[in-house]
Number of protein chains: 2
Amino acid sequence: MEPKEFRYLKQCFPSLEQMLYNEILEHGNYLSFDSGAYVVKQGAYIDFLPIILKGVIKLYAEEDGVEFLLYYVQSGDSCILSFNHLFDRKPLQFSAVTEEDTCVLCLPLAKVKEWFIKYPSFSRIIIKDFQRNFEDLLQTAKEFVCLGIEDRLIKYLLHKSRLRNSADIHLSHQTIATDLGTSREVISRITKKLEKDGFLLQHRRHIELVEL
Amino acid sequence: MEPKEFRYLKQCFPSLEQMLYNEILEHGNYLSFDSGAYVVKQGAYIDFLPIILKGVIKLYAEEDGVEFLLYYVQSGDSCILSFNHLFDRKPLQFSAVTEEDTCVLCLPLAKVKEWFIKYPSFSRIIIKDFQRNFEDLLQTAKEFVCLGIEDRLIKYLLHKSRLRNSADIHLSHQTIATDLGTSREVISRITKKLEKDGFLLQHRRHIELVEL
DNA sequence: AGTTTTTGGTGACGTTTATCACCGTTTTCA
DNA sequence: TGAAAACGGTGATAAACGTCACCAAAAACT
């Protein structure tokens, strides 16, 4: 493992048992992804637990040919990418795509099960992360039901802005449409309206949120 | 504890350590609910882990005045009602209503945390159940996005039918509408159409699915 | 028995959203 | 440099859905 990766590990999990660090060093596998890369694809079977050490990924679901964003997973707070394959061998029910350059630690499932019992700090992390994933998904589900596309777009833009800590969002209308599970024309019309409302400014492949 | 409740416990968790059974006997609290009762309400803080020993409950979310069904939790496969309050003190993000007479075992959170580390069989159950809850929620979210109301209604009716193992569903249009987060008129129109299509027969407060 | 509530049916209407068609501009790439 | 692809804009149209208004039958209640 690179020293850089060890630093990320320490940052993400500052208080693991020393023995667990050693085990992770021994059995963990590190992968680096450029922005926009698929980390895992819906339908695949994987035999490791992916943990985001640095970067951001978005989880996508696909159903009936429609793709849509579920929620984000990032290093720090909620960093574990998938659980549903943890104790049962099942195909993943979503895909994961990096939002920026991302460093992923992969732990073999057999070891994860072992450590889960052996190291309380480890099981605590998994459970806490699981909770956060569940909450994020629930929030998304609520928004699917209760919000129209305009409001969902606004939330999406604000989220992107917060994520990068910048008012400038470099995305095409098509990309946004895919994330929200709708079509480009719809996004074009709404951004146009939001521009007229003074909420944002449009440039080519670039939306600038206006400070309020 | 009643002998009946102990039987339910054994049925739900046939292979716990004997010591854990004893601890549950000592610290568990049993509640019985009639059909239609609220077990917990969204926004409440609870300091126990509710486990369905017998019966079925449905989880509801409420947002912007709209109520809608998330998924079912029942004794056996996925019986743990909530997780998001397990290690963090937060308000519940959904409500739980019984679908039939239901027996719930409540475990104090402090003990749950303790047992989670002490008994691998216990943590395994929690994790597995957590997984199932997540999967059910994800499935529901996908359906919110990809299916129209007609298809969601059909799935809903088939699910109800399977749940009770009967083609007769005793519900009013209003109840169904609330579950699906829509209005009664919409349900009335669709059931009418489905009746014409030969998918079901309508009676008062009672829908009969036609065998295909 | 008479009133109220619940249930279900239906027409009319407006909003939201998806889709199609077409256009001009910019970017990419061979 | 010239063709192809990506990007964004816009009008027309239709389907899906929520809402309002109103009605009649059945059930519950006093």
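Letters A, B, ... mirror the listed sequences (proteins, then strands); counts begin at 1.
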Novice: Tell me yes or no: between the side chains of E143(A) and Q139(A), is some donor less than 3.5 Å from an acceptor?
Specialist: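 Indeed, the side chains of E143(A) and Q139(A) share at least one donor-acceptor pair under 3.5 Å.
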
Novice: For Q174(A) and dG8(D), give me the distance from atom CD to atom P, rounded to whole Å.
Specialist: 9 Å

Novice: Could you state the atom-to-atom distance from NE2 of H203(A) to P of dG9(D) in whole Å?
Specialist: 12 Å

Novice: Keeping to residues at least two apart or across chains, list the salt bridge (charged side-chain N to carboxylate O under 4.0 Å, His left out) pairs with something in residues 172-181 of chain A.
Specialist: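 Found K58(A)-D179(A).
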
Novice: Tell me the ring pair (Phe, Tyr, Trp, His ring centres under 6.0 Å) pairs involving residues 167-192 of chain A, sequence neighbours left out?
Specialist: H170(A)-H206(A)

Novice: Who passes side-chain hydrogen bond (donor to acceptor under 3.5 Å, both in side chains) against H27(A), sequence neighbours left out?
Specialist: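 Per chain and number, H27(A) pairs via side-chain hydrogen bond (donor to acceptor under 3.5 Å, both in side chains) with no residue.
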
Novice: Do R184(A) and dG8(D) have a side chain to base donor-acceptor pair shorter than 3.5 Å?
Specialist: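 Flag set: donor-acceptor pair detected.
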
Novice: Listed by chain and number, what are the side-chain hydrogen bond (donor to acceptor under 3.5 Å, both in side chains) partners of S32(A), not counting sequence neighbours?
Specialist: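 S32(A): no side-chain hydrogen bond (donor to acceptor under 3.5 Å, both in side chains) contacts found.
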
Novice: To the nearest Å, give me how far apart NZ (K192(A)) and C1' (dC7(D)) are.
Specialist: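 After rounding, the reported distance stands at 13 Å.
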
Novice: Can you name the salt bridge (Lys or Arg N to Asp or Glu O under 4.0 Å) partners of R152(A), sequence neighbours left out?
Specialist: none

Novice: Tell me which donor-acceptor pairs under 3.5 Å the side chains of residues 67-75 of chain A have, and how far apart each pair is, sequence neighbours excluded?
Specialist:
| unit_1 | atom_1 | unit_2 | atom_2 | d |
| --- | --- | --- | --- | --- |
| Y71(A) | OH | N133(A) | OD1 | 2.6 |
| Y72(A) | OH | K160(A) | NZ | 3.3 |

Novice: Which residue lies toward the 5' end of DNA chain C, R205(A) or R205(B), if each is placed at its nearest nucleotide?
Specialist: R205(B)

Novice: Which pairs, protein N/O on one side and nucleotides 17-19 of chain D N/O on the other, fall under 3.5 Å?
Specialist:
| unit_1 | atom_1 | unit_2 | atom_2 | d |
| --- | --- | --- | --- | --- |
| dC17(D) | OP1 | I149(B) | N | 3.0 |
| dG18(D) | OP1 | T182(B) | OG1 | 3.4 |
| dG18(D) | OP2 | T182(B) | OG1 | 2.5 |
| dT19(D) | O4 | R189(B) | NH1 | 3.4 |

Novice: Which atom pairs, donor and acceptor, lie under 3.5 Å between side-chain atoms of residues 35-48 of chain A and protein residues at least two apart or in another chain?
Specialist:
| unit_1 | atom_1 | unit_2 | atom_2 | d |
| --- | --- | --- | --- | --- |
| S35(A) | OG | E99(A) | O | 3.0 |
| Q42(A) | OE1 | E62(A) | N | 2.9 |
| Q42(A) | NE2 | E62(A) | O | 3.0 |

Novice: Whole Å only: how far is the CD1 atom of I187(A) from the P atom of dG8(D)?
Specialist: 11 Å

Novice: For DNA chain C, note the earliest and the latest nucleotide, 5' to 3', having some atom under 4.0 Å of a heavy atom belonging to chain A.
Specialist: dT17(C) to dT27(C)

Novice: With sequence neighbours excluded, tell me which residues meet side-chain hydrogen bond (donor to acceptor under 3.5 Å, both in side chains) with E150(B).
Specialist: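 Listed in chain order: K193(B).
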
Novice: Could you give the NE2-to-P distance, from H170(B) to dA27(D), as a whole number of Å?
Specialist: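 Spelled out: NE2 on H170(B) to P on dA27(D) is 14 Å.
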
Novice: For the helix from dA1(C)-dT30(D) to dA30(C)-dT1(D), figure out the bend between the end axes, five pairs an end, and round to 10 degrees.
Specialist: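 Computed angle between terminal axes is 40°.
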
Novice: Only counting residues at least two apart or in another chain, list the ones meeting side-chain hydrogen bond (donor to acceptor under 3.5 Å, both in side chains) with D136(A).
Specialist: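 Listed in chain order: nothing, the list is empty.
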
Novice: For a ring pair (Phe, Tyr, Trp, His ring centres under 6.0 Å) check, start with the C-alpha distance between F94(B) and Y60(B), then their side-chain angles and the critical distance, and finish with the verdict.
Specialist: CA-CA 5 Å; F94(B) 45 74; Y60(B) 266 99; over 10 Å; no

